[in-house]
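Written below as structure tokens is the structure these notes are about.
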Amino acid sequence: MRTARIGLTALALALPTFTATAAAGPPPGRTAIALTDVLPAVAEAVPAPDAAFRLTPDTVITASGAATAVAGSLAAAWRPATGFALPVTETGDRAIALVLEPGHPAEGYRLAIRAGGVELAATRPAGLFAGVQTLRQLLPAEIEARSARHARWVLPGGRIKDFPRYAYRGAMLDLARHFHEPAEIRAYIDRISRFKINHLHLHLSDDQGWRIRIDSWPRLTAVGGAPGTGVGGAGGGFLTKDDYRELVRYAADRFVTVVPEIDMPGHVNAAQVAYPELTCDGVAPRPRTDMRVGYSSLCADREVTYRFAADVIRELAEMTPGPYLHVGGDEAMSTPHGAYLRFQRRVLPLVRAHGKIPVGWHEIAQSPAAAENDAVIQFWGRERNSPSVAAAGSRVVLSPANRTYLDMEYDLLTPGGLDWAGAIEVRDAYDWDPGALLSDVPAERVLGVEAPLWSETLRDLDDIEFLAFPRLVAIAELGWSPRSAHDWDSFRSRLGGYGPRWVRQGVRFHRSPEVRWS
Ligand code: NGO
């Protein structure tokens with residue numbers, strides 16, 4: 001692997017800023033934004049251009065019961081820039097009404113915008129939240145400002161019916177190679193949930209560091225989370241159990257499910273530095289801050305290995321309300337094949353025993369225990385066909401490295417990122433079909449897509465944002481929008497229109513030359 005080591009922040013700060021748009025504005029009754037200017041693309045839209053709805057100082061948002069919290073989030077998003085009170089009430093005229101009603105698919109919603117009012121309806125709050133993300137993109141970019149602006153706050157008229165193609169739309173953040181503070185993780189949750197990403201996979205342990213407190217093995221974080229435990233000796237840190245629980249709650253408020261990962265039986269050097277009994281010879285290895293992979297392994301034939309795995313899985317499951325628990329399994333190059341199979345035969349059932357669905361990188365599909373425990377396989381290869389994934393018969397999350405790895409460089413000129421899976425520009429991230437990537441995995445076994453962001457080259461939130469955006473939006477659209485909506489020219493034009501929103505939010509993003517930015 002090769003890295004470009006130039007700081008991303010400096011580059012992003014040097015980008016020109018946008019000037020406010022819409023000075024002239026569209027004619028009254030019309031809007032600058034079309035009903036279909038939404039990322040990810042909506043499933044069905046019927047514009048009614050003369051039926052726009054204008055927000056006024058008197059606009060109210062109506063909701064009751066389980067819809068109230070989502071209504072509150074919409075009001076909170078729109079208050080700063082509009083300067084309007086936007087009270088959430090049970091009833092009201094000319095309102096933006098959030099309604100729970102039967103009959104919509106999971107996370108699906110319908111939206112009707114008329115001059116006299118707006119109705120957003122879904123069966124569950126998750127659907128309302130998805131609809132709110134759509135609504136937020138239908139007001140001009142000034143709505144992202146943090147203080148009151150003069151603008152015509154007009155929503156384009158018409159009807160939308162929308163629902164996801166896949167149930168699982170994920171982003172992964174590696175906390176092991178570089179620890180990212182809870183505030184940075186919360187910011188990332190804010191950013192990804194805007195695009196209807198609904199899972200956040202946290203890679204919590206690796207050769208360099210261990211980032212989640214485990215009470216029964218306290219040296220994991222005391223040693224593995226100490227200062228200097230990041231790549232290049234930079235950084236350090238870990239999540240306390242309270243930090244983790246608070247992140248899980250924060251994510252859940254944005255309808256994002258946290259998927260914790262402890263990587264085993266490889267990628268365990270940090271654990272072995274803290275507990276030498278986790279090696280086969282009982283000798284502590286040296287701490288590692290380089291980027292090599294494949295050299296560490298738990299010992300499949302020592303009982304202490306399974307006490308360790310059981311304790312870690314139990315404590316992690318106890319603080320994780322979501323259904324999934326990821327046990328890694330990738331690049332166990334120094335675990336003999338038989339030992340790998342013996343390890344998975346004992347560890348995958350432990351995840352089940354603690355009430356969770358095991359998830360693993362696609363190497364776990366070599367183990368019959370993967371299918372027996374109905375594990376989810378996360379494909380991260382480059383090749384079109386992966387017979388071992390097909391053989392397992394399990395559900396698959398697609399993270400093809402040459403399409404979805406957000407830590408890959410954009411091109412040869414843009415600093416930042418690794419290059420082992422190739423350069424990934426926005427169109428590379430967008431132009432593939434999750435339903436057809438693995439020809440021997442039937443479409444119905446595809447649970448969804450996930451874009452991993454490994455942290456070897458990352459330091460701070462600016463670095464995270466610069467590599468994630470805009471590529472993560474391409475993956476979000478592949479995960480949410482129907483295949484029939486797939487259209488590079490449309491995507492790239494909607495993306496160009498989104499740029500000013502990121503500028504206002506203070507998000508550093510790659511101004512890809514493939515996109516005409518507003
Ligand atoms: C690989 C490897 C990780 C690296 C990453 C860098 C997987 C599943 N294992 O992906 O340890 O950090 O590449 O791109």
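Both ligands and their constituent atoms are indexed starting at 1 by order of listing. We number each residue from 1, following the sequence as shown.
For ligand 1, the atoms closer than 4.0 angstrom to any heavy atom of Glu456 are 4 (C), 6 (C), 12 (O). Each of the atoms 14 (O) of ligand 1 lies under 4.0 Å from some heavy atom of Met408. The atoms of ligand 1 that sit less than 4.0 Å from any heavy atom of Leu418 are 6 (C), 14 (O).
Identified under the ring pair (Phe, Tyr, Trp, His ring centres under 6.0 Å) test for residues 219-242, with sequence neighbours left out: none. Pairs engaging residues 240-270 under the ring pair (Phe, Tyr, Trp, His ring centres under 6.0 Å) rule: Phe129-Phe255 [sequence neighbours left out].
The aromatic ring centroids of Trp210 and Tyr275 lie 6.0 Å or more from each other. Two rings, from Tyr498 and Phe195, have their centers less than 6.0 Å apart. Taking the six-membered ring for Trp and the full ring otherwise, His486 and Phe491 have centroids separated by 6.0 Å or more.
Nearest residue to atom 3 (C) of ligand 1 from Trp420, Trp454, Trp361 is Trp454 (criterion: closest heavy atom). In this comparison of Glu261, Glu331, His203, the heavy atom closest to atom 2 (C) of ligand 1 sits on Glu331.
Residue-to-ligand polar distances keep Trp380 apart from ligand 1: every N/O pair is separated by 3.5 Å or more. Below 3.5 Å of separation, one finds an N or O of Tyr405 facing an N or O of ligand 1.
No option in Trp361, Trp380, Trp454, Phe179 other than Trp454 meets the ring-ring contact (aromatic ring centres under 6.0 Å, His included) test with His203.
In this structure, Gln378 does not count as a contact residue of ligand 1, since none of its heavy atoms falls inside 4.0 Å of the ligand.
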